[in-house]
Amino acid sequence: QVQLVESGGGLVQAGGSLRLSCAASGRTFSNYPMGWFRQAPGKEREFVAAINWSGGSTFYADSVKGRFTISRDSAKNSVYLQMNSLKPEDTAVYYCAAVSFRSYYSGTYDGDYWGQGTQVTVSS
């Protein structure tokens with residue numbers, strides 16, 4: 001079992017930055033690839049970024065590539081999403097997830113465990 005709690009969301013103006021954090025608990029956290037997903041009102045949840053167990057490999061949705069950076073600190077059992085140059089279309093609830101191994105290696109990215117989400121609102 002992995003328990004996940006996100007923090008760091010809020011209201012920011014377009015062009016600004018936010019850093020999301022995800023605190024994980026559970027003995028198997030360090031074995032999991034981790035990911036960030038988001039869901040905007042009226043839309044399906046979508047993949048944002050993923051990182052492998054060591055932090056050595058990262059993957060991003062085209063819509064955030066070059067603006068967002070995912071990282072992890074296994075010593076702190078935490079995963080982060082640094083979001084720069086934010087746009088109004090980045091407004092969504094952001095979820096941290098422990099990504100299933102099958103979906104990670106197939107590139108389809110889906111979660112085995114999910115946090116409760118944190119709201120990010122970008123004003124124009």
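Note that this is a predicted model, so its numbers are computed, not measured. Numbers here simply count residues along the sequence, with the first being 1.
In terms of heavy atoms, W36 sits closest to S21 at CH2-O, 3.7 Å. Residues A24 and L4 come closest through the heavy atom pair CB-CD2, 3.6 Å. Scanning all heavy atoms of the two residues, the minimum distance from M83 to Y94 falls at SD-CE2, 3.9 Å. Minimum heavy-atom separation, R67 to S63: NH2-O, 2.9 Å. Of all the heavy atoms in P88 and A14, the pair that sits closest is CD-CB, 4.1 Å. In this structure, C96 and E6 approach most closely via the heavy-atom pair N-OE2, 2.7 Å.
Within a 6.0 Å radius of CH2 in W53, other residues, nucleotides and ligands contribute 12 heavy atoms or fewer. By the neighbour-count criterion of 12 heavy atoms within 6.0 Å, atom CD of Q13 is sparsely surrounded, having that number or fewer from other residues, nucleotides or ligands.
A centroid separation of 6.0 Å or more is found between the aromatic rings of Y109 and F37. Less than 6.0 angstrom separates the ring centroid of Y32 from the ring centroid of F101.
We find the CD-CZ distance between E44 and R38 to be 14.0 Å, quoted to the nearest 0.5 Å.
In summary, K65 and D62 engage in a salt bridge, as defined by a charged side-chain N under 4.0 Å from a carboxylate O.
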